[in-house]
**Student:** 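Input: one structure, supplied below.
The structure presented is a predicted model; accordingly, all values stated were derived computationally and were not measured. By convention in this document, chain letters (A, B, ...) are assigned in the order of the sequence lines, proteins followed by strands, and residues within each chain are numbered from 1.
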Amino acid sequence: MTAPASAGNGVVRRRSLVMAEMSAPTRRVYALLVCIVVEMFVFALLLPDFWTLRNLLNTSRANSVLAIVAVGVTFGLISGAIDISVGSVIALSGVVAGELLGLGLPAPLAALGAVATGVLVGYSNGFFVTRFRVHPLIVTLGMLSVARGLAFVLAGGASTIIDDDVFNVFQNELFGVPLPVVLAGVVFLAGHYVLAWTPFGRYTYAVGGNDVAARFAALPVDRLRTQYLVISGGLAGLAGWVLASTVGASVPGAARGTELVVITAVLLGGVGFTGGSGHLLGTFLGVVLIGTMVNGMALYGLGASHRLIVLGLVLIIPLALEARKKVGFG
Amino acid sequence: MIVVDSRHDTGAVPTGAQRALRRLASSPTALLFLTLLVLLGVLGFMKPTFRTVPNLLSTAALSSTTFVAAAGFTIAAVTRVFDLSVGATMMMSGVVFGTLYQAGVPLPLAAAGAVLVGAGIGSVNAFLVTKLGINSIIATLGVLFVLRGIGLEVGGVRSTQVVSDAFRFAREDFLEVPVPVWCSIVVVITTHFFLAFTPTGQRLRAVGGNPEGARDVALNVNRYRTIALVLSAVLAGLGGVILASLIGAIDPQAAIGREILIATAAFLGGASLAGGRGSVVGTLIAVFLLASLFNAFVQFALRPEWIDIFSGAILVVAVAINQRPSGGFR
């Protein structure tokens, strides 16, 4: 796909002509590919079990929730609205689904309830952002607390086992591939189609890149912003169902801190923090890189402490490298 | 213990009740102070145990660590840099404080060393933001991860008791008032004086409110951002020392998630993501307001998760009200 926005900022130190002709997001894609290959190679050398089909499938299954949420967060971030409420929304929608099942509703309705919860949260985020002009970071920071609190209140503070084969459909496999992975793939492809090929998707870049110009071009900026946040919330709701379904329980404390991992992956994939740039291919590679890293480190016996340190460095270093180029010219 | 900001003192303009009311409505600090008074009044009326002096003092003492760090966060927010690493910095300096003290270093030196570690962390943040040009929210988020990882690696999840009355100085009273409250008073006076009345403080405000304009009048923007980030981390370091003393232990899990509470207080107190605004006095009132609310939840034996719901909702509503005059997020 063609890379948007930052192409105008085409001042690049002349290291090689091929690199110079690429736009920043395209360069990022190649850099990420190289990193992923190196990463896989290192893990394959260190861990005999790493390069087995079973481990790769396990890694993908473990990261499918992250992947689904990352698609929504990418929509939001490109349109200039960072959504950090997703972790709590995952938990809340899982709890809502669990409660609906507890009331005796059929599984499809409970699953729908999970997604609807996410949509509702996304809509209220959008409402506060567009009506009251509160910065999305603050709105979703507030929602992070509110949704988490609601999850605990609804669940009465405890997890509930979900014993429903239809609801727990994501414990199954399709031709040997875990269903969550299939769903994550579908979400990514659909998201990429919408973002890259439909006007609705392309408007994210207009709204996030220059909202004044977007208004002059008669785009309904407020409505679009709300809709992108609804996508973000709705996909978090879907991820909540997937998580509750794979775990077989609704857990009010689930997915704590997921928002930070998701945002790290999305930023790593080349989506700009201030909006208007990036694409889902980058996000996909970011998720693969981080997901593989977390899994590989766990297999190697490294604990939470090392994971945190690496996550922090992974967040900072690419931006530092990119910024150095700009500083060199400024 | 609450110092009313004299610039917002409505009594100073006795030109009709209407005008006074309008001024009051446009001053976030005064509005917040009124809210606090109403809240304290209602709570004190409903629960006699709430309005006792010891209860109010202990609320103030327990929230003082949050305030000391939040004062730093406010200074940074005024300069339009946002320090999400404050919670982790508190933990780090607390760990250093306890470790040094147990190794036989005299108490004042151990405390100084801990605050110095804070200054070091602030310098790293400043380097990432000013030299590498990384957005301060992302840079300090990365530092937050790294610090938490280091804390977990060095100290594990268990805290170590430091059995010493000298180390637990923050549990003592001075003139019937707990030592942490005295610390808060000193910090609020010095930081408010610094921000409002010194040339450096006014330049911080200028740099935050309009970086381009500040650059045009030959202010070294990056220098003031560095000052703000270092001050923020130094105050977080001080807060960490008081916290360690209150806990009476080396706790590598201390202050987890405290950055959310601190940011909530600062934004509630009038700070803005657009920079240039914010008051340490407002932050102090906000911290005390949130602390009283939590205290009330305990007194009324409500489920603690309601705290999350309330603080999130308060944050969004308060920012929505605070930024009405200036327009806010487009």
**Student:** Indicate whether any N or O donor in one side chain lies under 3.5 Å from an N or O acceptor in the other, for B/Thr66 and B/Arg258.
**Tutor:** yes
**Student:** Do you see a donor-acceptor pair shorter than 3.5 Å between the side chains of B/Arg225 and B/Ser136?
**Tutor:** no
**Student:** Parallel, tilted or perpendicular: which fits the ring planes of A/Phe132 and A/Phe127, with parallel below 30° and perpendicular above 60°?
**Tutor:** perpendicular
**Student:** Checking heavy atoms, do the side chain of B/Ile314, its backbone, both or neither come under 4.5 Å from chain A?
**Tutor:** neither
**Student:** Using non-hydrogen atoms and a 4.5 Å limit, figure out which bit of A/Thr264 sits close to chain B: side chain, backbone, both or neither.
**Tutor:** side chain
**Student:** Relative to chain B, which of A/Leu144, A/Ile263, A/Leu260, A/Val139 shows the most heavy atom pairs under 4.5 Å?
**Tutor:** A/Leu260
**Student:** Tell me, with the steps shown, if A/Arg225 and A/Val221 meet side-chain contact (heavy atoms from CB on, under 4.5 Å).
**Tutor:** CA-CA 6 Å; A/Arg225 269 195 208 289; A/Val221 171; 4.0 Å; yes
**Student:** At a 4.5 Å cut-off on heavy atoms, which part of A/Phe128 comes close to chain B: side chain, backbone, both, or neither?
**Tutor:** side chain
**Student:** If only atom types and distance count, is the side chain of B/Ser232 paired as donor or acceptor with the main-chain N or O of B/Ala228 below 3.5 Å?
**Tutor:** no
**Student:** Does the pair B/Leu229 and B/Asp83 meet the rule for a side-chain contact (heavy atoms from CB on, under 4.5 Å), with working shown?
**Tutor:** CA-CA 7 Å; B/Leu229 282 169; B/Asp83 187 355; 4.2 Å; yes
**Student:** Let's test your reading of the structure: which of A/Gly142, A/Gly312, A/Ser305, A/Gly149 forms the most heavy-atom pairs below 4.5 Å with chain B?
**Tutor:** A/Ser305
**Student:** Where does B/Val154 contact chain A at under 4.5 Å (heavy atoms): side chain, backbone, both or neither?
**Tutor:** neither
**Student:** Please classify the contact of B/Ile138 with chain A as side chain, backbone, both or neither, using a heavy-atom distance under 4.5 Å.
**Tutor:** both
**Student:** Under 4.5 Å heavy-atom distance to chain A, tell me which part of B/Leu141 shows up: side chain, backbone, both or neither.
**Tutor:** both
